[in-house]
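Here is the structure we will look at.
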Amino acid sequence: MQQHLRLLLLLSTVLISSNGMSQKNTTLLNGIVKSAENDVSNVLIVNLNSKKSTITDSSGLFTIEVRLRDSLRIMAVQYLKKEIVITDSIFNENFVTINLIDNIINLNEVTVTPYNLTGRIDQDLDRLSIKPAVTSSSLKLPNADLELMTHSERLLVEADRGKYVSYYVIALKINLHKTLNRFSGRTKSLENMVARDEKMAIEKQIITKFSKKTLSENFDIPETNIDGFLTFCLSQEDFSELSNTWNTTEVRNYLKAKSIEFKRTNLITE
């Protein structure tokens, strides 16, 4: 029994001594990471033996627990990977300076050409796969081909909708809404608004086709009087007929004839 007790005491003494030696061989190592140009913050420091790790602060300083002969790995995207061994001098001084080398990545030259274009129109037109624009007509939606009405046209349709009188089997129905709009002059006013809008749309298309400078040079009218000339054309009863044809030659011939009439009216101001 006494022999067993002596053996246990001996083992306990050995373990305590071993643990004390182990703790004595471990220290918190202070260090600094340096670089000539790049940022030294957030560099990863890993103890490959204990698997413990830390990162550097904004000044490149760090602290990590090490033992003699441990290996430290220093890593960051902007630097080449580096490993150091904790030597006696490092362990005893309890400080290490680590100089890192920039990780320079050489990339091959890349020429970016959007849509794989060459810059030569004759070649690029054949290489482009241009799909047709998606429209309500291409989708075959109901009423896709109907022309959009202007605000004035919608008001006119609302004011003049239906028949004045509707006959039924034993009775008739008078459309008071349509009748009152007609007698009050509202329908006529809306008809004039629609006609005016049509003429203004034609005038806008004329300006798009022929600039004021072009009209001035072709018809010998000062450019300052072109607005007056167009207003004169708008007042003509046959002006709306231009909406039936947008042949450039026919429109030009019409404007030329009207320019002669306009100059005869002495409306031109110098």
Flag side-chain contact, heavy atom, 4.5 Å: [X] against [Y]:
{"X": "Val40", "Y": "Tyr79", "answer": "yes"}
{"X": "Glu65", "Y": "Thr26", "answer": "yes"}
{"X": "Val66", "Y": "Lys52", "answer": "no"}
{"X": "Asn218", "Y": "Arg252", "answer": "yes"}
{"X": "Lys81", "Y": "Arg73", "answer": "yes"}
{"X": "Met75", "Y": "Val46", "answer": "yes"}
{"X": "Lys258", "Y": "Phe219", "answer": "no"}
{"X": "Gln236", "Y": "Tyr254", "answer": "yes"}

Worksheet entry | Under the side-chain hydrogen bond (donor to acceptor under 3.5 Å, both in side chains) test, residues paired with Asp227 that sit two or more places apart | Lys212
State, to 0.1 Å, how close [X] and [Y] come at their nearest heavy-atom pair, and which atoms those are.
{"X": "Ser59", "Y": "Asp57", "result": "N-OD1, 2.9 Å"}
{"X": "Ser216", "Y": "Pro222", "result": "OG-C, 3.7 Å"}
{"X": "Arg67", "Y": "Ile86", "result": "O-CB, 3.7 Å"}
{"X": "Asn175", "Y": "Lys163", "result": "CB-O, 2.9 Å"}
{"X": "Asn49", "Y": "Asp70", "result": "OD1-CA, 3.2 Å"}
{"X": "Phe62", "Y": "Ile32", "result": "CE2-N, 3.6 Å"}

Worksheet item: Which hydrophobic side chains are connected to Ile101, either touching it within the sub-4.5 Å cutoff or through other members that do?
Response: Leu80
Side chain [X], main chain [Y], donor-acceptor under 3.5 Å:
{"X": "Asp39", "Y": "Ser41", "answer": "yes"}
{"X": "Ser189", "Y": "Gly185", "answer": "no"}
{"X": "Thr56", "Y": "Asn42", "answer": "yes"}
{"X": "Asn225", "Y": "Ile221", "answer": "no"}
{"X": "Ser259", "Y": "Lys256", "answer": "yes"}

Which donor-acceptor pairs under 3.5 Å do the side chains of residues 89-100 make with protein atoms, sequence neighbours left out?
{"from": "Ser89", "atom 1": "OG", "to": "Thr87", "atom 2": "OG1", "distance (Å)": "3.1"}
{"from": "Asn92", "atom 1": "ND2", "to": "Asp88", "atom 2": "O", "distance (Å)": "3.0"}
{"from": "Asn94", "atom 1": "ND2", "to": "Leu28", "atom 2": "O", "distance (Å)": "3.4"}

Item to complete: Begin from the C-alpha positions of Leu29 and Leu72 and carry the test side chain to side chain contact (heavy atoms under 4.5 Å, CB included) through to its verdict.
Response: CA-CA 11 Å; Leu29 177 68; Leu72 298 184; 4.0 Å; yes
Fill in: salt bridge (Lys or Arg N to Asp or Glu O under 4.0 Å) between Glu191 and Arg182, worked out
CA-CA 11 Å; Glu191 288 174 345; Arg182 178 62 65 177; 3.5 Å; yes
Worksheet item: How many angstroms lie between CG in Leu44 and OG in Ser53, if you round to the nearest 0.5 Å?
Response: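 Going from the CG atom of Leu44 to the OG atom of Ser53 covers 5.5 Å.
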Discussion item. Quick check for you: to the nearest 0.5 Å, what is the distance between Ile64 atom CD1 and Ile55 atom CD1?
Written reply: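 Nearest 0.5 Å value for the CD1-CD1 distance: 11.5 Å.
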Discussion item. Lys213 vs Glu223, test: side chain to side chain contact (heavy atoms under 4.5 Å, CB included). Steps then yes/no.
Written reply: CA-CA 6 Å; Lys213 184 177 181 180; Glu223 191 170 343; 4.2 Å; yes
Worksheet item: Can Asn38 and Ser35 be counted as having a side-chain donor-acceptor contact under 3.5 angstrom?
Response: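 The answer is no; no qualifying pair exists.
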Discussion item. Do Asn30 and Thr63 pair up side chain to side chain, a donor and an acceptor below 3.5 Å, judged on atom types alone?
Written reply: yes
Item to complete: With side chain to side chain contact (heavy atoms under 4.5 Å, CB included) as the test, would you mind laying out the steps for Leu190 and Met193 before giving the verdict?
Response: CA-CA 5 Å; Leu190 291 173; Met193 287 175 60; 3.9 Å; yes
